[in-house]
Peer 1: 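I'd like to ask some things about the structure below.
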Amino acid sequence: MLDLNLIRNDTQKVVDALQKKGHTVDFTELLQWDQERKAKKQSVEALKAERNKVSGEIPKLKKQGQPVDHIFQAMRELGDKITESDKEVAELEGKINDFLLALPNMPDDDLVGGEKENNEVIKLVGEKPSYDFTPKNHVDLCVDLGIIDYERGVKLSGGGFWLYRGLGARLEWALLNFFIDEHIKDGYEFILPPHQLGYNCGLGAGQFPKFADEVYWLEGEEDRKKNRFMLPTAETALVNVYANEIMDESMLPLKLFAYTPCYRKEAGSYRSEERGMIRGHQFNKVEMVQYAKPGESMVAFEELLGKAASLVEKLGLHFRVSKLAAGDCSASMARTYDIEVWIPSMGIYKEVSSVSNANDYQARRNNTRYRDSATGKPQYVHTLNGSGLATSRVIPAIVEQYQNADGSVTVPEVLRKYMGGIEVITKK
RNA sequence: GGAAAGAUGGCGGAGCUUGGUUGAACGCGCACGACUCGAAAUCGUGUGAGCCCCUAAGACGGGCUCCGUGGGUUCGAAUCCCACUCUUUCCGCCA
């Protein structure tokens, strides 16, 4: 959520910033509501002050034995006026709030505008592997090795689902354990959150109300606000852990990570090139989150980016880091860098991690603050998140980049200890 | 799933029977000050959040709202009524 104060005082700046994200806004109406609300509120408060004053005098008058009935009559009318005005104020506030909740975050100043085509590759690590044989794509490799069972996944649950089998399951689990160990080593707290979350979590993370149709809702309450959904990423849980709390300054920066499956509808995003496990309805991810003081969130950002990159690097994969243009950052984020791993069969780099800084956008939505020692006042924290990493993009990269002429796949060095020392995955 | 009790400020805990001067006694914690060479102890003062007005700005200037959440009754509600949520205990069920 954006700061209404900023919109009031520096309207054009906000308009321009959102324009950079490809979002055209007109604040005229909002500012008008804001004015109306302000005026209305002032007048109601004056009425309430009057009521409070008179109410305080009634016991005294009663004690003196003076008549109070005529006062009651007048107060009743005043009360009705207050009720009516309160309603009007509430309506205006509702409209203002809905308007603000629908706005995306402002991109940081240094981002270029425009969409994906303006993304900038800022780092390239490793080299594209070359083969002296005809390389296979990850779908064929995994099926041939019997480590992923797509057909039976579809049988069990429909398109977009698969089974990890045997060494495939062990490879998946090895990756997760590798990531978890690395984060623990770096001092991050391991969290296993619920996979079913309430509406407020989606709202706080910035996914709702706009993207409420992109998650799986559970049966139950008709009203979504009372219902639960399957989390689309652990970020949705982690970013809400301290909602409506005032954190102690000494807690910051707070570094968390979680492993969860991610459940996504991904409606209408099928593309023929995205075969296999590139885009499914359920995939595993380890997610990192930091809560930081505003002045320190860039440091946190660099750390998260460095951590995500180091995981890919330790796996020995060729990848690149892209700084996303404003329009390619998701709605909640002020800044996003993607780590994209090379998928030989597709001839493209595919995102395995997205590292973002939301600044105070999420904290304003879910009211997460810390007490600033300098001013003694509560202040919104900055929230940052980064995948570390999503396995469903890493496995295709591993099997393709590590494939051998005979169709076997060499296990990256760092994963072997999690797989009982197995060095090569071969056909059974 | 059934029954009972409960939900108050950073924490503990009054107030609710008998609605009014209670944003909330008291204690703890914390902050500042005094005392001290310094500390402890002691004493004093203060100590939630949000919004609004005033102001160049700030305030130890004024106002409004918040005692789980949402409604209701009333001139007036932490206090009465209703619904919901959650917590604890007991019973049932169960990996």
Side-chain angles (χ1 to χ4, degrees), chain A residues 1-10 30-101 192-201 203-204 218-229 240-252 254 360 363-381:
Chain A
M1 185 143 75
L2 301 183
D3 184 1
L4 180 57
N5 242 329
L6 185 67
I7 296 174
R8 276 199 283 251
N9 299 332
D10 212 343
L30 178 76
L31 292 172
Q32 208 174 305
W33 293 338
D34 184 41
Q35 286 292 324
E36 276 175 49
R37 189 207 52 181
K38 204 169 171 179
K40 197 116 250 168
K41 202 157 181 177
Q42 277 172 33
S43 70
V44 197
E45 284 184 3
L47 295 179
K48 286 182 179 174
E50 170 71 10
R51 179 170 71 183
N52 289 343
K53 200 178 126 206
V54 175
S55 283
E57 283 163 2
I58 286 175
K60 290 180 207 158
L61 294 173
K62 272 190 172 172
K63 233 175 241 174
Q64 294 165 16
Q66 299 197 30
V68 286
D69 287 0
H70 64 288
I71 300 179
F72 287 174
Q73 179 56 39
M75 286 289 99
R76 202 170 298 142
E77 282 164 28
L78 184 63
D80 290 345
K81 252 190 247 171
I82 289 173
T83 307
E84 199 183 311
S85 303
D86 267 343
K87 225 169 96 187
E88 288 169 13
V89 171
E91 267 168 40
L92 282 166
E93 279 176 347
K95 284 203 279 190
I96 290 168
N97 205 34
D98 288 347
F99 189 102
L100 291 176
L101 284 175
L192 289 171
H195 298 180
Q196 304 174 9
L197 302 175
Y199 183 88
N200 278 345
C201 290
L203 189 79
L218 274 69
E219 296 283 327
E221 307 291 331
E222 272 305 300
D223 183 1
R224 269 187 176 165
K225 292 186 174 160
K226 294 179 180 166
N227 213 348
R228 291 193 307 268
F229 64 97
N240 284 293
V241 173
Y242 291 94
N244 295 314
E245 292 189 39
I246 298 175
M247 302 171 77
D248 199 283
E249 192 181 58
S250 63
M251 292 167 74
L252 304 175
L254 181 69
D360 62 5
R364 278 181 190 279
R365 293 174 83 95
N366 66 16
N367 196 28
T368 304
R369 294 171 297 174
Y370 74 98
R371 194 174 296 281
D372 185 74
S373 59
T375 62
K377 291 285 170 196
Q379 197 169 349
Y380 291 110
V381 298

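Labels below follow one simple rule: chain letters A, B, ... track the order of the sequence lines, proteins then strands, and each chain is numbered from 1. Side chains included, hydrogens not; waters and symmetry mates left out as well; all remaining heavy atoms used.
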Peer 1: Nearest whole angstrom, please: distance from the P of B:C30 to the CG of A:Asp248.
Peer 2: 13 Å
Peer 1: Base, sugar-phosphate or nothing for A:Asp69? Non-hydrogen atoms, less than 4.0 Å.
Peer 2: nothing
Peer 1: In this structure, how many angstroms lie between the C1' atom of B:C51 and the CZ atom of A:Arg8, rounded?
Peer 2: 10 Å
Peer 1: Tell me the interatomic distance from A:Leu61, atom CG, to B:U21, atom P, rounded to whole angstroms.
Peer 2: 14 Å
Peer 1: Mind listing the closest non-hydrogen atom pair of A:Val381 and A:Arg369 along with its distance?
Peer 2: CG1-C, 4.0 Å
Peer 1: What integer number of Å spans the C1' atoms of B:U74 and B:C81?
Peer 2: 12 Å
Peer 1: Reckon A:Lys38 has a side-chain N or O less than 4.0 Å from the OP1 or OP2 of B:C53?
Peer 2: yes
Peer 1: Quick one: which of A:Met75, A:Glu77, A:Lys48, A:Lys87 gives a side chain to side chain contact (heavy atoms under 4.5 Å, CB included) with A:Ile82?
Peer 2: A:Lys48
Peer 1: Identify the heavy atoms of A:Asn240 and A:Gly204 that sit nearest to each other, and give their distance.
Peer 2: OD1-CA, 3.7 Å
Peer 1: What is the distance from CD of A:Glu57 to C1' of B:C75, rounded to the nearest Å?
Peer 2: 13 Å
Peer 1: Are any of the side-chain heavy atoms of A:Leu78 and A:Leu47 separated by less than 4.5 Å?
Peer 2: yes
Peer 1: Between B:G50 and B:U87, how far is it from one P atom to the other, in whole Å?
Peer 2: 28 Å
Peer 1: State the pairing partner of B:A41; accept Watson-Crick or G-U wobble contacts with both distances under 3.5 Å, and report none otherwise.
Peer 2: none
Peer 1: Whole Å only: how far is the CG atom of A:Asn200 from the P atom of B:G70?
Peer 2: 13 Å
Peer 1: Rounding to an integer number of angstrom, what distance separates B:C93 and B:A77 when you compare their C1' atoms?
Peer 2: 42 Å
Peer 1: One thing to verify: whether A:Asp98 and A:Lys95 come together as a salt bridge, which I'm taking to mean a side-chain N less than 4.0 angstrom from a carboxylate O.
Peer 2: no
Peer 1: Which is more 5' along RNA chain B, the nucleotide nearest A:Ile58 or the one nearest A:Lys48? Just name the residue.
Peer 2: A:Lys48
Peer 1: Closest nucleotide of RNA chain B for A:Ala49 versus for A:Phe72: which of these residues is on the 5' side?
Peer 2: A:Ala49
Peer 1: Hey, does A:Glu88 have a side-chain heavy atom less than 4.5 Å from the side chain of A:Leu92?
Peer 2: no
Peer 1: Can you tell me if A:Gln42 touches the phosphate of B:C53, counting only side-chain N or O atoms and a distance under 4.0 Å to OP1 or OP2?
Peer 2: yes
Peer 1: Sort out for me which residue in A:Asp3, A:Asn367, A:Thr368 forms a side chain to side chain contact (heavy atoms under 4.5 Å, CB included) with A:Tyr380.
Peer 2: A:Asn367
Peer 1: Between B:A14 and B:U73, how far apart are the two C1' atoms, rounded to whole Å?
Peer 2: 27 Å
Peer 1: Whole Å only: how far is the CD1 atom of A:Ile246 from the C1' atom of B:G10?
Peer 2: 10 Å
Peer 1: My understanding is that a pair needs two contacts under 3.5 Å, Watson-Crick or G-U wobble. By that rule, which nucleotide pairs with B:C30?
Peer 2: B:G46
Peer 1: Quick check on B:G20: is either OP1 or OP2 less than 4.0 Å from any side-chain nitrogen or oxygen of A:Asn52?
Peer 2: no
Peer 1: Could you tell me the separation between the NZ atom of A:Lys41 and the P atom of B:C53, rounded to a whole number of Å?
Peer 2: 10 Å
Peer 1: What integer distance in Å separates A:Glu245:CD from B:C11:P?
Peer 2: 11 Å
Peer 1: Hunt down the Watson-Crick or G-U wobble partner of B:A57, both distances under 3.5 Å, from any strand shown, or write none.
Peer 2: none
Peer 1: Provide the Watson-Crick or G-U wobble partner of B:G20, both distances under 3.5 Å; none if there is no partner.
Peer 2: B:C75
Peer 1: Take atom C1' in B:G19 and the same atom in B:A78, then report the distance between them in whole Å.
Peer 2: 10 Å
Peer 1: When the P atoms of B:A56 and B:G15 are compared, how many Å lie between them, rounded to an integer?
Peer 2: 49 Å
Peer 1: Taking OP1 and OP2 of B:G10, is either one under 4.0 Å from a side-chain nitrogen or oxygen of A:Arg371?
Peer 2: no
Peer 1: Applying the Watson-Crick and G-U wobble criteria at under 3.5 Å, what pairs with B:U87? Answer none if nothing qualifies.
Peer 2: B:A5
Peer 1: Taking 4.0 Å as the cut-off, does a side-chain nitrogen or oxygen of A:Arg369 come that near to OP1 or OP2 on B:G50?
Peer 2: yes
Peer 1: How far does the P atom of B:C30 sit from the matching atom of B:A40, given to the nearest Å?
Peer 2: 11 Å
Peer 1: What distance, rounded to whole Å, do you find between the two P atoms, one in B:C60 and one in B:U17?
Peer 2: 35 Å
